[in-house]
Amino acid sequence: MLGSHIQNCPNLPNSTAPSAPRMRGHVTVASFRRGMKALLVVASCWLVLVAAQPAAAADAAFGAFLAGLWPQAKAFGISRATFEAATRGLEPDLSLPDLVVSGRPAKPERGQAEFVQTPADYLRESSFNRLASQGRQLMQRYRPTLTAIERKFGVPAAVVLAIWARETDYGRQADRLSAIRVLATQAYLGRRKEQFRNEFLLALKIAQEGNIRLADMKSSWAGAMGLTQLLPSDYYKYAVDFDGDGRRDIWTSVPDALASAAKQLASKGWQPGKRWAYEVRAPKTVDCTTAEPSVVRPIGEWLKRGFVPTYGRKLDAAELAEPASLLLPAGL
C-alpha cells in the first residue's frame with residue numbers, strides 16, 4: 001500500500017460531526033415561579049408514567065426475543081443453566097449507538113475512530129510519544145513472550161505492541177459494558193441483527209466453556225472484548241492460549257491477548273519481512289478516484305505516474321514489482 005500525506009481531496013467524501021443541540025427557555029418572571037414549579041412537578045410525574053408503558057412493553061418484547069433464541073443456543077452447546085444465568089432479568093441497553101428504535105429519530109452510525117477522525121486527530125504526536133515511551137518499557141518486560149510470538153506467527157513485536165496500544169491504551173481503557181447485554185441489544189435493535197445474534201450466542205459459548213465468568217465479560221459498545229479487542233467470532237478464530245494455563249484469556253493475560261492479535265494478522269495475510277506500506281509524495285495531477293483498494297498496480301507503475309518515495313528511499317526491483325493500492329489518509 002502507498003500512503004501519502006496530502007490534504008483536502010475534492011473527490012473524497014468528508015464526514016461532519018453533528019453539533020450538540022442547544023436547550024433554550026428560562027422562566028424569569030418571579031411571580032410565575034411558584035406556580036411553574038408545581039406545574040413542572042406534575043408534568044414530570046406525567047412524563048414518567050407515560051414513558052414507563054412503552055419501556056415495559058419493550059422489555060417484554062425483548063424478553064420474548066431472548067426466549068426465542070434458546071433453540072439456537074442449545075444447538076451451540078449452551079446449557080440451560082448458562083442461558084438462564086445470562087438472560088434472566090436482562091434489559092436492553094438503549095444508550096448504545098447504532099440502534100434502530102421505533103419512535104426515536106435515527107442517528108448517524110458511529111464509526112470507528114480511525115475511519116471518522118481526521119489523521120491529525122487520530123494520530124496525535126503527543127499521544128504517540130507517550131505510547132511509544134511505554135511501549136519501549138513493555139518491549140523489555142515481555143521480550144521473551146514477544147520473541148516467541150514473532151517466531152510462531154511472523155509478526156514483529158513492535159506491531160503487536162502497537163495494536164495493544166491503539167486498541168486499549170495497553171489495557172488502561174478497560175471495557176465497562178456487559179458484553180452479554182451489549183450483544184443481546186445489538187441483536188435485537190441493532191443495524192446488523194443477524195451478525196450480532198451469532199456474536200451473542202458465541203459469547204454465551206465462551207462463558208459456557210469456562211474461559212471467563214459472565215459477570216466479568218465486558219466489551220465495547222460494539223461487542224469487542226479484551227486487551228486487543230476481539231468479537232466473539234474472532235475469539236473462536238484467533239484466540240490463543242499462549243501462557244499455557246489452559247484458557248484463552250484475552251482479558252487479563254498479556255501473552256494470550258498479544259498472540260491472538262498476531263494470529264489474526266497472520267491469518268489475514270501478514271507476510272513476514274515485507275512492509276505493509278511505503279510513504280510517498282503525490283503528484284499535483286493525482287486522480288483521487290484511484291485511491292481505493294480495488295485499484296492495484298505494481299509500485300513501479302505508481303512511481304512512473306509521478307509518486308515519489310519519501311525520505312529519499314530507493315526501492316529495489318523486488319519492491320518495485322510488489323502490487324499496491326493507494327491510500328490518501330488526509331485527502332488531497
Between [atom1] of [X] and [atom2] of [Y], what distance do you get to the nearest 0.5 Å?
X	Y	atom1	atom2	value
Gln264	Lys237	CD	NZ	8.5 Å
Tyr238	Lys263	OH	NZ	9.0 Å
Leu90	Phe62	CG	CZ	4.5 Å
Gln134	Asp169	CD	CG	7.0 Å
Trp221	Asp175	CH2	CG	12.5 Å
Leu69	Phe200	CG	CZ	6.0 Å

Look at the side-chain heavy atoms of Ile, Leu, Val, Met, Phe, Trp and Tyr, link any pair under 4.5 Å apart, and say whether [X] and [Y] land in one connected group.
X	Y	value
Trp70	Leu204	yes
Met217	Leu231	no
Leu94	Leu96	yes
Trp276	Val296	no
Val101	Leu183	yes

Glu167 side chain to Thr228 side chain, donor-acceptor N/O pair below 3.5 angstrom: no

Do Thr168 and Gln229 pair up side chain to side chain, a donor and an acceptor below 3.5 Å, judged on atom types alone?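 Judged by distance alone, the side chains do not pair up.
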
Less than 4.5 Å apart, any side-chain heavy atom of [X] and any of [Y]?
X	Y	answer
Phe153	Val240	yes
Thr145	Val254	no
Pro92	Asp59	yes
Thr185	Leu99	yes
Leu131	Tyr170	yes
Arg197	Gln72	yes
Arg247	Asp241	no
Leu303	Leu320	yes

Would you call the rings of Phe307 and Trp302 parallel, tilted or perpendicular, where under 30° means parallel and over 60° means perpendicular? perpendicular

Classify the ring geometry of Trp164 against Tyr142: parallel below 30°, tilted from 30° to 60°, perpendicular beyond 60°.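 The arrangement is perpendicular - the two ring planes meet at more than 60°.
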
Test item: [X] side-chain N/O and [Y] main-chain N/O as donor-acceptor pair under 3.5 Å:
X	Y	answer
Asp243	Asp256	no
Arg297	Val295	no
Lys193	Gly190	yes
Ser133	Asn129	no

Contact summary for [X] and [Y], nearest pair of heavy atoms:
X	Y	answer
Ala179	Ser219	CA-OG, 3.4 Å
Val286	Leu326	CG2-CD2, 4.3 Å
Pro255	Phe242	O-CB, 3.6 Å
Ile206	Tyr236	N-OH, 3.2 Å
Ala321	Pro298	O-CB, 4.1 Å
Gly223	Val182	N-CG1, 3.8 Å

Test side-chain contact (heavy atoms from CB on, under 4.5 Å) applied to Leu258 and Ile163, Ile149, Leu227, the passing residue: Ile149

So among Thr289, Thr285, Thr290, which one has a side-chain hydrogen bond (donor to acceptor under 3.5 Å, both in side chains) with Asp287?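 Of Thr289, Thr285, Thr290, side-chain hydrogen bond (donor to acceptor under 3.5 Å, both in side chains) with Asp287 is met by Thr289 alone.
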
Within the supplied structure, the quantity of interest is the number of heavy atoms (other residues, nucleotides, ligands) at a distance under 6.0 Å from Lys74 NZ; does it exceed 12? no

Residue pair Phe65, Thr87: steps toward the side chain to side chain contact (heavy atoms under 4.5 Å, CB included) verdict: CA-CA 11 Å; Phe65 165 75; Thr87 60; over 6 Å; no

